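Read the numbers this way: they start at 1 and go in the same order the structure lists the ligands and their atoms. The model shown is predicted, which means the values in this text are computed figures rather than measured ones. When reading the values below, keep in mind they use all heavy atoms of this one structure, side chains included, and skip hydrogens, waters and symmetry mates.
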Amino acid sequence: MKVLIVGANGQVGKHLVSFIQDHKELEAKVMIRKEEQASYFNDLGAETVVVDLEEDINAIAKAAEGVDAIVFTAGSGPNTGADKTVLVDLDGAVKTMKAAEEAGVKRFVMVSSFDTTREAIQSAPSSFAPYVAAKHYADEWLKTTDLDYTIIHPGALTNDEGIGKVNAASKVERNEISREDVASVILATLENDATIGKEFQVVKGTKSIKDEINSI
Ligand code: NAP
């Protein structure tokens, strides 16, 4: 299975690309936004394509040609304003869904935020609320499509080494999770079609990632 990783140059993305390249049945196609980011991925043997999420849907659809699945793990990050949150985390995500449809790619894995409910938007601090709203509407849009989606809601991301153990369910107690373990969760999700049409929260925990994702 060939997987387009949108946001591949990000911290979760880089772990994911290297896991995919080490996997016997998976192959990464890496979507980056700067040519100079390509050599890192070429060294891993991954195909690269340079597209910015602020470009039009056709550019993203072209990047999605020939793949079997898309993982969206891009984000404008905390150092930009609400304008980029709307353009990347919301519009970029929805354009990627439309691009998937245009390119005939059914499988779509979304890396969302821990809690994207309407209540979470209302209770978020004002600086964080636009991000939660963007993630909320991106998730809602995805659920209205015919894509074979899975929505992953990770807890607060850390750069700790992965422990390979998580708690995952539709609702779990808020906690941290390492970016490396999030990448392993994405991998386990891609490997298990029973996760299609589902969404779950995931934090560090006590059960093996494979077992926990298989129980979703
Ligand atoms: P990250 O390191 O900030 O990576 C985000 C990636 O998105 C970067 O590679 C960045 O590209 C890319 N990107 C930004 N704007 C783009 C654009 N216009 N076009 C194309 N790509 C663009 O994020 P992370 O830490 O890996 O997090 C991954 C996901 O988890 C994000 O969706 C985030 O919202 C979500 N999340 C975060 C937390 C948390 O605690 N931080 C919790 C739950 C979920 P460049 O490398 O070129 O800058």
Completion exercise
of all protein heavy atoms, closest to atom 43 (C) of ligand 1 is Pro154 O, 3.5 Å
Exercise for the section: Please determine if Leu53 has a nitrogen or oxygen closer than 3.5 Å to a nitrogen or oxygen of ligand 1. Expected result: yes
Exercise for the section: Mind checking whether Gln37 contacts ligand 1 via backbone (N, CA, C, O), side chain (CB onward), both or neither, at a 4.0 Å heavy-atom cut-off? Expected result: side chain
Practice task
May I ask you to establish whether Lys143 and Tyr149 are in a cation-pi arrangement, using a distance under 6.0 Å from NZ or CZ to the six-membered ring centre and at most 45° from the ring axis?
Solution key: no
Practice task
Report yes or no: does Ala8 have a heavy atom closer than 4.0 Å to ligand 1?
Solution key: no
Completion exercise
heavy-atom search around atom 35 (C) of ligand 1 in the protein gives Tyr131 OH, 3.6 Å
Exercise for the section: Tell me which protein heavy atom sits closest to atom 28 (C) of ligand 1, plus the residue, atom name and distance to 0.1 Å. Expected result: Thr73 OG1, 3.3 Å
Practice task
Would you check whether Gly10 has a nitrogen or oxygen atom less than 3.5 angstrom from a nitrogen or oxygen atom of ligand 1?
Solution key: yes
Problem - For atom 44 (C) of ligand 1, the protein heavy atom that lies nearest, with its residue and separation - result: Ser112 O, 3.0 Å
Practice task
Give yes if a backbone or side-chain nitrogen or oxygen of Ala74 is under 3.5 Å from a nitrogen or oxygen of ligand 1, and no if not.
Solution key: yes
Practice task
Look at ligand 1 and say whether Ala156 reaches it with a heavy atom at a distance under 4.0 Å.
Solution key: yes
Handout entry: Shortest protein heavy-atom distance from atom 18 (N) of ligand 1, along with the residue and atom involved
Key = Asp52 OD1, 2.8 Å
Handout entry: ligand 1 to Gln11 polar contact by distance, N or O atoms, under 3.5 Å
Key = yes
Completion exercise
Closest non-hydrogen contact found for Met110 with Leu142 is CB-CD2, 3.7 Å
Handout entry: Under 3.5 Å: N/O of Ser113 near N/O of ligand 1
Key = no
Exercise for the section: Please report the closest heavy-atom contact between Ile151 and Ser112, naming both atoms and the distance. Expected result: CG2-CB, 3.7 Å
Problem - Residue pair Phe41 / Thr48: nearest heavy atoms and the distance that separates them - result: CB-CG2, 3.7 Å
Exercise for the section: Spell out, yes or no, whether Val49 and Met97 are grouped together once hydrophobic residues are joined by side-chain heavy atoms under 4.5 Å, including indirect joins. Expected result: yes
Handout entry: Any Lys84 heavy atom less than 4.0 Å to ligand 1
Key = no
Problem - Among Glu199, Lys171, Lys135, side chain to side chain donor-acceptor pair (under 3.5 Å) partner for His153 - result: Glu199
Problem - Asp146, CG atom: more than 12 neighbouring heavy atoms under 6.0 Å - result: no
Handout entry: Close N or O approach (Gly13, ligand 1; < 3.5 Å)
Key = no
Completion exercise
Nearest non-hydrogen contact to atom 15 (N) of ligand 1 from the set Arg33, Met110, Gln201, Glu54 belongs to Arg33
Problem - Proximity flag Pro78 to ligand 1, non-hydrogen atoms under 4.0 Å - result: no
Handout entry: Heavy-atom check, side chain of Val3 versus side chain of Asp68, under 4.5 Å
Key = no
Exercise for the section: May I ask you to check whether over 12 heavy atoms, not counting those of Glu173, lie within 6.0 Å of atom CD? Expected result: no
Exercise for the section: Using distance alone, decide if ligand 1 has a nitrogen or oxygen within less than 3.5 Å of any nitrogen or oxygen in Leu157. Expected result: yes
Handout entry: Where Asp139 and Thr116 come nearest, the two heavy atoms and their spacing
Key = OD2-OG1, 2.9 Å
Exercise for the section: Indicate whether the side chain of Arg33 and that of Gln37 have a donor and an acceptor atom separated by less than 3.5 Å. Expected result: no
Handout entry: Exam field: side chain Gln21 to backbone Leu44, donor-acceptor pair closer than 3.5 Å
Key = yes
Completion exercise
Residue, atom and distance of the protein heavy atom nearest atom 30 (O) of ligand 1 read Val111 CG1, 3.5 Å
Handout entry: Any N/O pair Gly75/ligand 1 closer than 3.5 Å
Key = yes
Handout entry: Atoms of ligand 1, numbered as shown, that sit under 4.0 Å from any heavy atom of Gly155
Key = 42 (C), 43 (C)
Practice task
Take every heavy atom of Lys135, measure it against each atom of ligand 1, and state whether any distance is under 4.0 Å.
Solution key: yes
Practice task
Considering heavy atoms of the protein only, find what lies nearest to atom 24 (P) of ligand 1 and give residue, atom and distance to 0.1 Å.
Solution key: Arg179 NE, 3.8 Å
Completion exercise
For Ile20 and Glu27, the nearest pair of non-hydrogen atoms, with its separation, is CG2-C, 3.5 Å
Handout entry: Nearest protein heavy atom with distance in Å, relative to atom 26 (O) of ligand 1
Key = Val12 N, 2.8 Å
Completion exercise
For Ile177 and Pro154, the nearest pair of non-hydrogen atoms, with its separation, is CG2-CB, 4.0 Å
